[in-house]
Amino acid sequence: NTVDDSGTAVSLGTTATTTFDDNTAADATTYFYYVSATTECGVGSLSAGDSGITAESAGTPQNVAASDDQCGLIAVSWDAVSGATSYEVFRNTVDDSGTAVSLGTTATTTFDDNTAADATTYFYYVAATTECGVGSLSASDSGITAAAPAAPQNVFASDDECGIVEVSWDSVVDAASYEVFRNTVDDGGSAASVGSIAGTTFEDSTAADGTLYFYFVNATTSCGVTDLSASASGETGLLGDVNRDGDVNGLDAQGFTDAAVGAYNTCADLAAPFGVIDNDDALAFVALLLGL
């Protein structure tokens with residue numbers, strides 16, 4: 001009976017043992033049970049009653065949260081459900097649990113979706129499994145993988161440094177290092193790496209004098225390696241080409257004189273490059289002009 005009244009109680013059946021399973025009991029409903037015994041002398045009176053109720057069915061996970069800032073995955077978490085032995089995670093590209101697809105099960109309250117496509121928003125739902133079966137799906141929460149960083153911007157390559165080409169660029173958020181590539185044509189696909197660095201400037205000391213190079217840069221971050229940057233062209237300055245017209249001739253004499261008296265120019269420092277311009281440089285400059 002649903003009330004403690006044996007007079008209106010309904011028979012559920014008979015058994016030859018001293019146990020009986022009521023498989024017709026509705027969830028979350030309290031019932032009162034009475035038992036009578038049948039012997040050769042007939043049916044005895046009903047026992048005193050005792051109440052019973054089914055175990056609570058699987059609850060619905062609460063506070064489902066899907067991340068928006070993880071690289072290459074979406075991390076899903078939720079609150080624990082009492083008595084749960086496992087959880088099943090579902091995903092959809094629209095907020096519709098009815099057409100959501102199962103991604104798998106876990107015994108914990110977290111799940112990493114490593115199959116999420118980049119830049120795609122997904123909706124996640126979770127169901128708990130207990131000894132009473134599978135509960136209903138949770139409310140949804142949306143998540144998306146962290147955006148991959150853009151390639152380095154504002155790459156610049158110098159063309160006025162003697163013996164080197166200095167390459168610089170803007171920093172990339174979360175970059176651990178940068179790799180610099182070089183080519184003699186404006187094609188990043190066939191460019192060769194010339195080195196990596198943690199900062200945002202790189203000196204290419206292997207550049208051949210008088211050769212125009214195209215430079216490209218990428219960044220390595222926690223989300224992986226970015227695309228190559230747009231190119232920047234640069235070339236070394238020629239020793240002795242003080243007026244920076246691409247040739248060493250008598251027109252450089254005035255520039256060399258100016259450099260010697262205070263206006264520093266690395267291309268005028270011929271005797272001991274990148275040091276002090278002195279009389280030895282003047283002799284070297286004259287020898288250079290005379291082709292000695």
Side-chain angles (χ1 to χ4, degrees), residues 1-4 9-10 12-13 15 19-34 49-150 172-176 219-226:
N1 206 339
T2 53
V3 293
D4 191 7
V10 176
L12 295 178
T15 178
T19 60
F20 182 88
D21 290 339
D22 180 6
N23 298 308
T24 65
D27 289 343
T29 300
T30 299
Y31 293 95
F32 295 86
Y33 292 87
Y34 315 86
D50 189 64
S51 62
I53 189 171
T54 59
E56 185 177 357
S57 59
T60 302
Q62 302 296 313
N63 298 319
V64 173
S67 67
D68 299 319
D69 56 0
Q70 300 269 13
C71 296
L73 62 84
I74 297 175
V76 186
S77 63
W78 55 90
D79 293 346
V81 171
S82 177
T85 55
S86 66
Y87 302 90
E88 189 168 9
V89 180
F90 296 79
R91 184 183 76 185
N92 206 342
T93 53
V94 294
D95 193 5
D96 178 10
S97 62
T99 57
V101 176
S102 173
L103 295 178
T105 60
T106 177
T108 69
T109 57
T110 61
F111 183 89
D112 288 343
D113 180 8
N114 298 303
T115 65
D118 289 341
T120 301
T121 298
Y122 293 98
F123 296 87
Y124 292 88
Y125 314 83
V126 184
T129 297
T130 69
E131 62 180 8
C132 292
V134 180
S136 57
L137 286 176
S138 68
S140 68
D141 190 62
S142 62
I144 188 171
T145 58
V172 172
V173 175
D174 192 35
T220 297
T221 74
S222 59
C223 286
V225 179
T226 69

(request) Supply the atom-to-atom distance T110 OG1 to Y87 OH, rounded to the nearest 0.5 angstrom. (result) 10.5 Å
(message) Using modelled atom types and a 3.5 Å cut-off, is there a donor and acceptor pairing between side-chain atoms of D50 and backbone atoms of Y33?
(response) no
(request) Taking E88 for its side chain and S86 for its backbone only, find out whether a donor-acceptor pair lies under 3.5 Å. (result) no
(request) May I ask you to check whether T129 and T85 show a side-chain donor-acceptor distance below 3.5 Å? (result) no
(message) With side chain to side chain contact (heavy atoms under 4.5 Å, CB included) as the test, pick out the partner of T54 among N23, D22, D27.
(response) D27
(message) Return the CD1 to CG distance between I144 and D68, rounded to the nearest 0.5 Å.
(response) 7.0 Å
(request) Walk me through it: do F111 and L73 pass the test side-chain contact (heavy atoms from CB on, under 4.5 Å)? (result) CA-CA 10 Å; F111 183 89; L73 62 84; over 6 Å; no
(request) Identify the two heavy atoms, one from V64 and one from S138, that lie closest to each other, and give their separation to 0.1 Å. (result) CG2-OG, 3.3 Å
(request) Calculate, to the nearest 0.5 Å, the distance between atoms CG and OH belonging to D4 and Y34 respectively. (result) 4.0 Å
(message) Do V81 and T60 have side chains that approach each other closer than 4.5 Å (heavy atoms only, starting at C-beta)?
(response) no
(message) Before you tell me yes or no, could you show the steps for T115 and R91 under side-chain contact (heavy atoms from CB on, under 4.5 Å), namely the whole-Å CA-CA distance, both residues' side-chain angles and the distance that decides it to 0.1 Å?
(response) CA-CA 11 Å; T115 65; R91 184 183 76 185; 3.0 Å; yes
(request) Check whether any side-chain heavy atom of Y31 lies under 4.5 Å from a side-chain heavy atom of N1, and answer yes or no. (result) no
(message) Within the 3.5 Å criterion, strictly below it, is a donor on Y125 or D96 matched to an acceptor on the partner's side chain?
(response) no
(message) Could you check whether any side-chain N or O of T109 sits under 3.5 Å from a backbone N or O of A80, counting only pairs where one atom can act as donor and the other as acceptor?
(response) no
(request) State, yes or no, whether a side-chain contact exists between Y124 and D141 at a heavy-atom distance under 4.5 Å. (result) no
(message) Can you tell me how far apart OG1 (T15) and CG (D21) are? Round to the nearest 0.5 Å.
(response) 9.0 Å
(request) Measure across A58 and G133 and return the closest heavy-atom pair with its distance rounded to 0.1 Å. (result) CB-O, 3.6 Å
